[in-house]
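First comes the structure, then the notes that go with it.
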Amino acid sequence: MKILDWYILKRYLISFLIMLIMFVPIGIIINLSEKVDNLTENKVPLDEILYFYVNFVIHFANLLFPILLFLSVIWFTSKLANNSEIIAFLSSGVSFMRFLRPYFFGATIVFLIALSFSMYIYPNSSEDYNTFYYKYLKNNKSVRDTKDIYRQINDNEYIYASSYSPKNQTAYNFTLEHFEGERMTYKITANQIKFNQDSLNYTLKPYIKRTITEREDIITKEASFDTILPFELDELTPTIYAAETKNYFELLDFIEEEKRRGSPYINLYMIDLYKRWSVPVSTFILTIIAVAVSSFKKRGGMGVNLAIGIVIAFGYVFLDKVFGVFAEKSNFSPIIAVWASNVIFGILAIFLLQKAKR
């Protein structure tokens with residue numbers, strides 16, 4: 001790698017690091033100023049607050065890294081252009097595509113770091129981050145779907161409960177239906193079903209089992225009945241942030257299990273799965289756009305380039321959010337929703353790159 005490559009690569013990585021160092025403390029201060037009343041009211045221990053903000057840094061960096069990278073590339077590339085360094089490079093016989101090579105090296109390094117964050121580091125911190133957030137900052141707001149629970153628990157059995165209390169591990173108006181092929185063979189109902197932590201079984205009150213035979217139905221009734229059932233209610237009502245807390249391979253298994261159970265949140269989980277790849281890939285697209293719009297002098301200097309960059313960055317975020325909401329609230333394809341922004345801005349990147357080369 002030549003001197004030019006090292007020079008640009010170092011500027012690329014250092015500028016991105018500086019941007020993170022600048023914005024992460026700002027994010028912490030803004031968040032703390034908004035939440036300080038909740039923290040004081042709930043008398044949260046200092047060590048828990050400090051640990052929360054360690055996880056907040058990971059959450060914040062993972063959320064905003066594409067935008068911060070985009071702005072950092074515009075910032076240092078504009079400085080190169082204003083100092084006529086880019087003109088000197090190109091005048092020495094270096095082609096524009098050759099000039100871009102260290103940018104691609106830098107984007108690859110950031111891509112690999114972002115990918116490791118997305119696949120493993122962020123999920124590991126997300127559980128603690130969300131637990132603290134909903135406990136102290138959302139005042140224990142329900143983070144589960146606890147109403148009208150209907151799930152397929154295996155190939156032959158389906159359950160229904162009108163409501164579920166995670167705190168008491170108790171479900172109400174419970175029904176379990178067992179099928180052999182398309183024929184129901186028995187049905188269990190109870191007004192209440194409670195999981196017993198000590199004995200690891202369930203208590204059903206009152207217990208009614210209807211066994212269906214070819215000749216007659218056999219009804220069995222008990223005021224209270226203890227039994228072992230092939231499921232855990234907590235697993236059937238995962239938290240709304242469950243997908244965030246699993247690494248990539250755990251998430252694949254989780255989605256397959258939720259599909260089998262008939263979860264209504266599959267689109268939400270699929271969006272999270274596809275973003276594990278789409279967000280890191282955006283590193284290359286946003287880098288090309290940033291170089292294309294800032295590699296030549298403009299009237300107004302760096303301020304114009306940053307203004308253009310901010311408009312493009314917010315356009316990217318806006319499209320990403322709009323398509324994400326479509327997929328969450330409708331049958332819109334999650335893979336299209338997640339990758340649409342990258343495709344649209346990828347086309348823009350190619351257009352701007354061709355224009356910059358000329």
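Side chains are part of it too, since the values below use all heavy atoms of this structure and drop only hydrogens, waters and symmetry mates. Starting from 1, each residue takes its place in the sequence as its number.
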My understanding is that only residues two or more places apart in sequence, or in another chain, count here; which of them pass side-chain contact (heavy atoms from CB on, under 4.5 Å) with Asn124?
none

Is a side-chain donor or acceptor of Glu250 paired with a backbone partner of Asn247 at a separation under 3.5 angstrom?
yes

Return all side-chain donor-acceptor pairs below 3.5 angstrom for residues 279-290, not counting sequence neighbours, or 'none' if the list is empty.
{"residue": "Ser282", "atom": "OG", "partner": "Val279", "partner atom": "O", "Å": "2.4"}
{"residue": "Thr283", "atom": "OG1", "partner": "Pro280", "partner atom": "O", "Å": "2.8"}
{"residue": "Thr287", "atom": "OG1", "partner": "Tyr12", "partner atom": "OH", "Å": "2.9"}
{"residue": "Thr287", "atom": "OG1", "partner": "Thr283", "partner atom": "O", "Å": "2.7"}

Side chains of Asp148 and Tyr160: do they bring a donor and an acceptor to under 3.5 Å?
yes

For Ile74, does its backbone N or O pair with a side-chain atom of Thr77 as donor and acceptor, under 3.5 Å?
no

Euclidean distance, Leu20 CG relative to Phe60 CZ, rounded to 0.5 Å:
9.0 Å

Return the minimal non-hydrogen interatomic distance between Ile219 and Arg210, and the atom names on each side.
CD1-CG, 3.5 Å

For Lys43, what residues pass the side-chain contact (heavy atoms from CB on, under 4.5 Å) criterion, not counting sequence neighbours?
none

Could you see if Leu352 belongs to whatever hydrophobic cluster contains Ile347? Use Ile, Leu, Val, Met, Phe, Trp, Tyr and a side-chain cutoff under 4.5 Å.
no

Nearest 0.5 Å, what's the CG-CZ distance between Leu229 and Phe195?
10.0 Å

To the nearest 0.5 Å, atom OH of Tyr269 lies from atom CG of Leu251 at 10.0 Å

Classify the angle between the aromatic ring planes of Phe231 and Tyr202 as parallel (below 30°), tilted (30 to 60°) or perpendicular (above 60°).
tilted

Carboxylate-amine/guanidinium proximity below 4.0 Å for Asp226 and Lys194
no

If the test is ring pair (Phe, Tyr, Trp, His ring centres under 6.0 Å), which one of Tyr241, Tyr53, Tyr129 qualifies with His59?
Tyr129

So Met119 and Trp277, side chain to side chain contact (heavy atoms under 4.5 Å, CB included) or not? Walk me through it.
CA-CA 9 Å; Met119 298 292 186; Trp277 286 100; 3.4 Å; yes

Pairwise salt bridge (Lys or Arg N to Asp or Glu O under 4.0 Å) hits with a residue in residues 275-284, at least two apart:
Asp272-Arg276, Lys275-Asp320

Without placing hydrogens or testing angles, list every side-chain donor-acceptor pair under 3.5 Å for residues 21-30, not counting sequence neighbours.
none

Between the side chain of Ser72 and the main-chain N/O of Leu69, is any donor-acceptor distance below 3.5 Å?
yes

Run the side-chain hydrogen bond (donor to acceptor under 3.5 Å, both in side chains) test on Asn38 and Tyr136 for me, step by step, so that the C-alpha distance in whole Å, both residues' side-chain angles and the decisive distance to 0.1 Å come before the verdict.
CA-CA 7 Å; Asn38 299 76; Tyr136 294 118; over 6 Å; no

Grouping I, L, V, M, F, W and Y whenever their side-chain heavy atoms are under 4.5 Å apart, do Ile336 and Leu273 come out in a common cluster?
yes

Using distance only, find each side-chain donor-acceptor pair of residues 182-193 under 3.5 Å and give its atom names and separation, not counting sequence neighbours.
{"residue": "Arg183", "atom": "NH2", "partner": "Ile212", "partner atom": "O", "Å": "3.2"}
{"residue": "Thr185", "atom": "OG1", "partner": "His178", "partner atom": "O", "Å": "3.4"}
{"residue": "Tyr186", "atom": "OH", "partner": "Glu157", "partner atom": "OE2", "Å": "3.1"}

Is it the case that the side chain of Ser78 and the backbone of Phe76 share a donor-acceptor pair, with hydrogens and angles ignored and the cut-off at 3.5 Å?
no

Phe351 reachable from Phe70 in the ILVMFWY side-chain graph, under 4.5 Å edges
yes

Donor-acceptor check, side chain of Glu222 to backbone of Ser224, threshold 3.5 angstrom: yes or no?
no

Side chains of Tyr122 and Glu244: donor-acceptor distance under 3.5 Å anywhere?
yes

Check: Asn196/Thr203 side-chain N/O donor and acceptor closer than 3.5 Å:
yes

Backbone N/O of Ser126 and side chain of Asn130: donor-acceptor pair under 3.5 Å
yes

Where does the angle between the aromatic ring planes of Phe179 and Tyr158 fall among parallel (under 30°), tilted (30 to 60°) and perpendicular (over 60°)?
perpendicular

Is there a path of hydrophobic side-chain contacts, each under 4.5 Å between heavy atoms of I/L/V/M/F/W/Y residues, joining Tyr7 to Phe99?
yes

Does the plane of the ring in Phe56 sit parallel, tilted or perpendicular to the ring in Phe52? Use 30° and 60° as the thresholds.
tilted

Side-chain donor/acceptor of Lys205 to backbone N/O of Phe225, under 3.5 Å
no

Given the side-chain rings of Phe318 and Phe323, with only the six-membered ring counted for Trp, is the space between their centroids under 6.0 Å?
no

Do you reckon Tyr150 sits in the same ILVMFWY cluster as Ile159, going by side-chain contacts under 4.5 Å, direct or chained?
no

In Å, rounded to the nearest 0.5 Å, how long is the span from OG of Ser341 to CG of Leu348?
12.0 Å

Ring pair (Phe, Tyr, Trp, His ring centres under 6.0 Å) between Phe174 and Tyr164, worked out
CA-CA 10 Å; Phe174 172 80; Tyr164 171 62; over 10 Å; no

Main chain of Val44, side chain of Asn42: is a donor-acceptor contact present, judged purely on distance under 3.5 Å?
no

